[in-house]
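Treat the numbers as computed from the prediction; the structure is a model and nothing was measured.
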Amino acid sequence: MNDMELVMTTRTRFAPSPTGFLHIGGARTALFCYLFARHTGGTYILRVEDTDRERSTHEAVAVILQGLEWLGLKPDEGPFFQSDATDLHRQTALQLVAAGKAYRCSCTREELDAMREEQRLRQEKPRYDGRCRERTDPPSDDRPYVIRLKTPRDGEVVWDDMIQGRIRVSNGELDDLILLRSDGSPTYNLAVVVDDHHMGITHVIRGEDHVSNTPRQIHIFEALGWTPPAYAHMPLLHGTDGAKLSKRHGAVSVLQYRDNGYLPEAVNNYLVRLGWSHGDQEIFTMVEMVALFDVHHVGRSAAIFNVSKLDWINGQHIRSAAPEVLLPELIAHLERQGIAHPDPALVRALLPTVRERAKTMVEMADKSRFYFQAPQTYDDKAVRKHLRPEILDPFAALVAALTALSAWDATALEAAFKSVIADHDLKMGQLAQPVRVAITGSDVSPSIFDVLAILGRDAALARLNACLDFFRGRCVSEGQG
RNA sequence: GUCCCGUUCGUCUAGUGGCCUAGGACAUCGGCCUUUCACGCCGGCAACACGGGUUCGAUUCCCGUACGGGACGCCA
């Protein structure tokens with residue numbers, strides 16, 4: 001790789017703060033970073049923003065990593081930890097002081113609170129008034145101080161956001177933000193700028209809640225003589241109430257979606273369509289997303305999370321997924337539903353009968369359970385509707401016919417059914433439904449011929465005979481009543 | 001309160017001045033298919049926030065209003 005190519009290579013970063021799980025909004029940001037990097041042949045980096053030592057935990061880091069891995073959004077580089085670069089951050093702040101671009105401020109929290117209170121009263125935007133900025137008295141070391149950036153007082157900051165378009169903010173709206181806390185630790189805005197620069201980040205893709213930080217960060221870049229990256233601020237994801245999705249507000253871990261039976265590709269597919277589109281296309285594989293994604297075509301308005309569309313997309317992906325993908329998933333969900341060690345051969349055989357009927361893997365497992373467990377009881381409503389006295393004879397005749405059957409496959413089974421309904425002048429449903437009740441306990445199942453074939457002769461006949469006994473008993477007691 | 005951003009069917013969106021009596025998808029409603037349930041197919045309902053401009057012509061451009069969101073921390 002020559003220098004030119006190095007310069008042209010894009011580098012994006014996903015920068016979560018490890019204060020909790022990875023929720024769907026964060027996952028969407030990660031996805032867009034990933035897609036942008038992949039589409040442009042660049043690098044996607046994970047950087048953990050743990051400058052807030054109070055709230056950051058190792059557990060959260062692990063869970064975020066797990067979530068990204070499940071989604072297939074594993075970083076090309078990292079995870080890097082912002083806290084590892086604390087010395088660099090501190091030195092950079094000091095360097096700014098030495099260059100006269102930052103200064104010590106020894107205002108106390110009480111002073112700052114009072115200042116903000118007054119401003120609020122005057123209906124002004126609360127901000128630091130810069131009273132320590134031009135102080136001539138030498139700062140004393142015994143009084144705690146922070147380092148603040150000398151934000152330009154005049155002019156404005158302008159940048160061409162890849163999503164939002166040109167945004168301009170007057171410097172008069174900004175204040176002298178804190179770079180280093182009184183305990184010497186760097187703040188978020190400083191750390192982000194220093195890290196983005198040193199990691200060679202070319203494109204910052206993040207949530208719209210960061211637009212107000214952007215002018216501050218650009219000022220830090222400029223004070224340092226560095227070139228800011230390109231910015232793309234994504235519209236936020238909202239809950240059903242229209243407010244921003246957050247950990248304490250309606251959002252759940254992405255891993256919850258795995259547990260609820262969603263396929264990672266489907267979740268990504270749903271997420272990418274929130275704000276981005278490619279004509280009328282709704283279903284995308286990961287490969288298609290990478291090939292077609294264009295950050296310039298991301299919309300600017302917030303989207304509301306809607307589960308029913310996710311369900312539909314998940315169903316689409318279930319139907320097109322390779323059996324090899326579905327098999328372990330289905331086995332896992334069956335086990336979660338109390339089926340111990342489901343036979344893989346059986347699962348593989350039944351998979352085609354249930355995959356068209358399920359929107360989630362949980363639903364698929366639920367619809368597959370009867371293959372493993374004979375009905376303990378028969379659904380009342382189904383019994384009343386389908387196990388009618390006039391069907392007892394045909395039902396018994398069918399059981400006899402099936403018992404005598406030499407070949408046990410869907411074709412032979414169907415032929416046996418047809419012969420019985422012809423003999424008794426019935427419609428298929430009148431015979432098929434009672435059999436469903438016998439086999440599954442309910443009147444809903446995949447094609448009953450397929451079900452019987454997959455279940456196997458012994459299990460099927462056992463269930464049919466058990467039901468026949470029940471059926472007879474029911475007719476006798478009804479006759480007496 | 002101040003600043004920034006947004007506003008097309010219930011929801012996700014297409015649309016970059018005439019192709020729009022505004023297209024697609026989910027949801028919903030009706031029908032078909034059918035051994036049930038799904039899938040699939042066919043069809044219905046349903047939107048350019050409002051008011052001013054600019055223009056021969058605005059969903060598309062400009063201004064204002066309303067509404068919504070975001071940000072205003074020694075959090076990130």
Side-chain angles (χ1 to χ4, degrees), chain A residues 15-19 49-52 54-56 82 105 107-109 112-113 116 119-128 144-148 161 164-165 167-170 172-175 177-183 185-189 191-192 207-215 233 235-236 238 240 242-244 270 273-283 299-313 315-316 319 354-359 363 367 382 386 414 417 421 427-437 440 442-449:
Chain A
S17 63
T19 54
E49 311 259 306
D50 59 348
T51 45
D52 183 357
E54 300 276 300
R55 296 194 300 154
S56 301
Q82 201 152 55
C105 163
C107 292
T108 62
R109 287 166 205 260
L112 297 175
D113 287 346
R116 279 191 274 266
Q119 287 161 334
R120 244 179 250 281
L121 252 38
R122 271 180 273 139
Q123 303 205 318
E124 288 171 11
K125 177 192 258 187
R127 59 217 211 267
Y128 182 63
Y145 61 87
V146 300
I147 303 285
R148 286 183 186 269
D161 198 281
Q164 306 286 339
I167 298 181
R168 45 201 336 149
V169 177
S170 163
E173 293 298 328
L174 273 19
D175 64 359
L177 78 165
I178 293 175
L179 266 18
L180 228 49
R181 301 186 183 100
S182 49
D183 67 356
S185 65
T187 60
Y188 164 76
N189 281 303
V192 164
E208 201 182 43
D209 49 346
H210 282 289
V211 301
S212 57
N213 285 320
T214 307
H233 287 96
L236 263 22
H238 286 183
T240 326
K244 169 179 145 181
Y270 176 69
R273 284 287 291 104
L274 260 28
W276 177 82
S277 61
H278 179 72
D280 288 340
Q281 189 171 346
E282 296 286 351
I283 303 301
R300 282 141 302 167
S301 51
I304 294 174
F305 190 85
N306 177 231
V307 188
S308 52
K309 179 119 180 214
L310 205 211
D311 283 345
W312 176 76
I313 287 177
Q316 298 296 311
R319 262 153 241 140
V354 290
R355 74 134 95 205
E356 302 290 320
R357 310 175 140 73
K359 292 193 294 291
E363 193 184 341
K367 288 185 189 302
H386 303 296
E414 185 168 359
F417 271 69
I421 63 172
K427 299 222 176 197
M428 185 57 88
Q430 291 174 285
L431 190 59
Q433 289 302 79
V435 174
R436 279 203 164 81
V437 175
T440 72
S442 82
D443 56 0
V444 177
S445 87
S447 162
I448 195 63
F449 312 123

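Counting any heavy atom pair closer than 4.0 Å across all strands shown, A:Cys107 reaches a base atom. Across all strands shown, A:Gly315 has no heavy atoms under 4.0 Å from either base or sugar-phosphate atoms. The residue A:His238 sits close only to the backbone: its heavy atoms come under 4.0 Å of sugar-phosphate atoms, none of a base.
Listed candidates were B:C12, B:A71, B:G1. Nearest to the side chain of A:Pro126 is B:G1.
Checking the phosphate oxygens (OP1, OP2) of B:G1, no side-chain nitrogen or oxygen of A:Arg122 falls inside 4.0 Å. The side chain of A:Arg116 contributes an N or O atom lying less than 4.0 Å from OP1 or OP2 of B:C74. Proximity of A:Ser182 to the phosphate of B:C74: no side-chain N or O atom is located under 4.0 Å from OP1 or OP2. Distances shorter than 4.0 Å separate some side-chain N or O of A:Thr51 from OP1 or OP2 on B:A76.
The closest side-chain heavy-atom distance from A:Leu179 to A:Leu177 is below 4.5 Å.
Residues passing the side chain to side chain contact (heavy atoms under 4.5 Å, CB included) test with A:Asp50, sequence neighbours excluded: A:Pro18, A:Val48, A:Ser56, A:Phe81, A:Gln82, A:Ser83. Not a single salt bridge (charged side-chain N to carboxylate O under 4.0 Å, His left out) links A:Arg109 to another residue, sequence neighbours left out. For A:Arg357, the side chain to side chain contact (heavy atoms under 4.5 Å, CB included) partners are A:Lys367, A:Pro446, not counting sequence neighbours. Scored by the salt bridge (charged side-chain N to carboxylate O under 4.0 Å, His left out) test, A:Asp209 finds A:Lys244 as partners (sequence neighbours excluded).
One interatomic measurement links the two molecules: NE2 of A:His210 to C1' of B:G69, which rounds to 15 Å at whole-angstrom precision. Distance A:Ile304 CD1 to B:C12 P: 5 Å, rounded to the nearest Å.
The base of B:A76 lies close enough to the side chain of A:Asn213 for a donor and an acceptor atom to sit less than 3.5 Å apart. With hydrogens and angles ignored, no donor-acceptor pair under 3.5 angstrom links the side chain of A:Thr187 to the base of B:C74.
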Next item on the list: Spell out protein contact along nucleotides 22-37 of chain B as letters: B when the base is contacted, S when just the sugar-phosphate is, - when no protein heavy atom is under 4.0 Å; keep the 5' to 3' order.
Entry: -BBBSS-------BBB
Margin query: Treating primed atoms plus P, OP1 and OP2 as sugar-phosphate and everything else as base, which nucleotides of nucleotides 58-64 of chain B get B, S or - for protein heavy atoms under 4.0 Å?
Written below: -------
